[in-house]
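First the structure, in the form of structure tokens, and then the observations on it.
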Amino acid sequence: MTREDVYDKIVSVLVEEFEVEADDIKMEANLFTDLELDSLDAIDLMVTLDKELGIEIKTEEMKDIRTISDVCDFALAANEDE
Amino acid sequence: MRRVVITGVGLNSPLGNSYEELYENLKNEKCGIEYVPEWDEIDYFGTKIAGVVKDVDLKSIPRKYRRSMDRVAQLSAVSTSDAINDANLNQETLSSKRCGIAFGSTMGGNETLFEYIPEVKEKMSFRGQNSMAFLKIMSHTVAANLAQMFSIKGRNIPTCSACTSSAQAIGAGYESIKYGMSDIMICGGAEGLHYLAGGVFDVMGAAATKHNHEPTLASRPFDESRDGLVLGEGSGALVLEELEHALARDAKIYGEVIGYATSCDGEHITTPSKEGMMQVMETSLEDACIKAQDIEYINAHATATQMGDIAESNATFNLFGSETPVSSTKGHMGHLLGGCGVVESIICLIALNKSFLPKTMNFKTLDKNCANINVLGKNMLKDITIAMNNNFAFGGINSSLIFKDYKGK
């Protein structure tokens with residue numbers, strides 16, 4: 001799974017399930033300040049990525065996630081651990 | 001004594017999504033009950049019809065709020081938005097500590113419940129479960145979600161008592177204003193359609209099963225040929241406001257709440273008690289400081305079950321005799337459970353403001369076991385001043401509300 005694969009999946013989840021405008025999504029976009037999500041949305045984003053990509057993400061390890069780039073890093077690292 | 005008036009109305013029912021639409025459909029004798037094809041797949045489930053809400057744009061609710069709402073809360077949100085707009089309330093007033101919410105439903109979000117529990121039980125794991133499911137399922141999901149969406153910071157009273165949920169909400173709002181705790185209360189209730197509720201009544205032999213292929217004939221309150229209730233869904237919201245507060249901002253006034261009572265039979269978990277029903281109506285009359293003969297129209301709970309209609313007709317007859325016009329509007333739209341109290345209260349407001357008393361759909365011959373009350377088999381045009389709305393729920397919970405038209409101080 002490449003970083004691009006993860007990014008594409010994040011974009012589709014954010015657009016379809018979180019109703020974020022596609023034009024607002026960039027690698028450095030901040031989930032909270034740019035995309036107006038909150039901590040519960042961040043958890044649910046990870047839960048959806050777990051379902052879609054099969055990567056186990058423990059919510060207590062997510063507290064430093066801010067940007068979509070952070071989400072990609074986190075998902076890739078979790079994928080390597082599995 | 002502080003007086004309580006209604007300054008905003010919103011609803012989403014099988015018989016229309018606004019006050020005027022509901023009135024037109026009652027006047028034109030429409031029925032909102034239809035065949036539900038998905039229910040054909042369910043075994044040991046005889047009722048296949050329901051009152052269904054249509055043409056509601058649930059996506060109009062911002063995702064930020066919609067994410068924690070199942071259908072029951074989403075319908076409530078649309079109705080509440082309409083009621084608040086109708087009342088022309090500004091955000092400062094809505095968010096003051098003097099404005100609150102009383103809202104209820106029988107269940108939280110059944111659609112989510114039926115996905116969530118089987119998955120967790122099967123896997124014995126919460127992996128893959130999102131953070132929103134419980135917020136859609138919890139018993140006070142409607143009152144909690146509405147408070148977030150409309151930033152309502154005063155009293156919050158979830159009234160979750162099945163078929164009296166929204167009548168108790170109106171009552172709680174009325175008392176909150178009357179006794180000085182609030183100036184404005186957003187009151188109502190809802191239910192989202194789900195086969196669970198249909199199945200519950202079916203198991204008890206209380207659901208209509210004879211007219212699955214003629215849905216508009218299925219719900220027959222008080223009629224000798226009735227065979228049970230038809231489930232429905234829907235929501236409604238009323239803005240209740242202290243009279244002087246409403247007058248100071250020149251608000252439109254639909255009517256006044258002048259009486260309310262709630263009680264419990266304290267006898268049997270499902271079998272209704274004639275005495276309990278009489279007691280709640282009498283107590284409501286006492287609260288309004290009026291006599292039984294002052295009531296000019298009664299919207300009965302009458303769900304078209306055998307025992308319920310018999311008990312209610314007897315209680316009504318003992319207090320009001322054979323003259324007072326009575327109708328049950330569940331023939332038009334089915335039984336909205338948590339939504340029925342508020343939608344039927346709105347029908348009382350229509351009766352007061354439009355001089356229009358709706359008939360009981362499909363009523364032809366009064367069951368000989370019912371007492372001889374004046375069940376309307378035809379729509380009636382009559383100028384009235386005071387109307388009563390009665391509702392009764394599992395657990396022997398009773399409620400009675402009295403509304404009066406408002407012709408100025």
Side-chain angles (χ1 to χ4, degrees), chain A residues 1 6 9-26 29-66 68 70-71 74-82, chain B residues 56-75 77-78 81 91 95 108-109 111-153:
Chain A
M1 191 165 56
V6 175
K9 180 54 72 180
I10 292 169
V11 172
S12 74
V13 168
L14 284 174
V15 170
E16 285 164 28
E17 298 204 14
F18 292 83
E19 299 176 23
V20 175
E21 291 292 332
D23 291 348
D24 294 341
I25 304 173
K26 300 176 187 67
N30 185 300
L31 296 177
F32 310 110
T33 55
D34 295 326
L35 305 185
E36 298 181 343
L37 303 181
D38 66 8
S39 59
L40 292 176
D41 287 323
I43 290 167
D44 291 345
L45 173 62
M46 290 308 189
V47 167
T48 309
L49 292 177
D50 182 359
K51 277 187 177 168
E52 299 268 336
L53 302 174
I55 44 176
E56 185 176 4
I57 299 163
K58 293 196 168 58
T59 51
E60 64 268 23
E61 296 167 2
M62 286 175 40
K63 59 183 185 305
D64 295 329
I65 286 179
R66 294 287 179 276
I68 290 180
D70 294 341
V71 178
F74 200 87
L76 286 165
N79 189 45
E80 277 178 18
D81 288 346
E82 285 206 345
Chain B
V56 183
D57 182 15
L58 299 175
K59 284 265 177 113
S60 66
I61 304 163
R63 191 205 72 91
K64 180 181 172 186
Y65 304 111
R66 187 172 11 100
R67 65 177 183 167
S68 51
M69 297 178 178
D70 203 293
R71 186 169 173 84
V72 62
Q74 292 181 14
L75 288 170
V78 173
S81 177
Q91 193 60 54
S95 295
E111 288 174 40
T112 306
L113 179 73
F114 272 59
E115 289 168 9
Y116 185 72
I117 303 293
E119 271 187 35
V120 172
K121 278 201 74 175
E122 187 189 329
K123 297 177 186 162
M124 285 310 284
S125 167
F126 284 90
R127 183 176 176 184
Q129 297 304 327
N130 72 31
S131 66
M132 291 296 141
F134 178 74
L135 306 173
K136 297 177 183 176
I137 294 169
M138 61 190 189
S139 56
H140 69 310
T141 182
V142 178
N145 272 295
L146 292 180
Q148 313 311 309
M149 180 165 163
F150 299 100
S151 192
I152 294 174
K153 302 179 179 187

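Residue numbers start from 1 in every chain, and the chains themselves are labelled A, B, ... in the order their sequence lines are given, proteins ahead of strands. Atoms considered below: every heavy atom in the structure, side chains included; atoms not considered: hydrogens, waters and symmetry mates.
Side-chain contact between A:Val47 and B:Gln129 is absent, with no heavy atoms from C-beta onward closer than 4.5 Å.
Counted within 6.0 Å of CD on A:Glu21, heavy atoms from surrounding residues, nucleotides or ligands total 12 or fewer; the atom is thus considered open. For CZ of B:Phe126, the number of neighbouring non-hydrogen atoms (other residues, nucleotides, ligands) closer than 6.0 Å is 12 at most. Atom CZ of A:Phe18 has more than 12 neighbouring heavy atoms from other residues, nucleotides or ligands inside a 6.0 Å radius.
Heavy-atom pairs under 4.5 Å with chain B peak, among A:Ile43, A:Leu45, A:Leu40, at A:Leu40.
At a 4.5 Å heavy-atom cutoff, A:Glu36 makes no contact with chain B through either its backbone or its side chain.
Between the side chain of B:Arg63 and the main chain of A:Glu19, no donor-acceptor pair closer than 3.5 Å is present. When atom types are taken as modelled, the side chain of A:Asp44 and the backbone of B:Ser131 share a donor-acceptor pair closer than 3.5 angstrom.
Between B:Asn130 atom CG and A:Met46 atom CE the span is 14.5 Å, to the nearest 0.5 Å.
Taking 4.0 Å as the cut-off between side-chain N and carboxylate O, B:Arg67 and A:Asp41 count as a salt-bridged pair.
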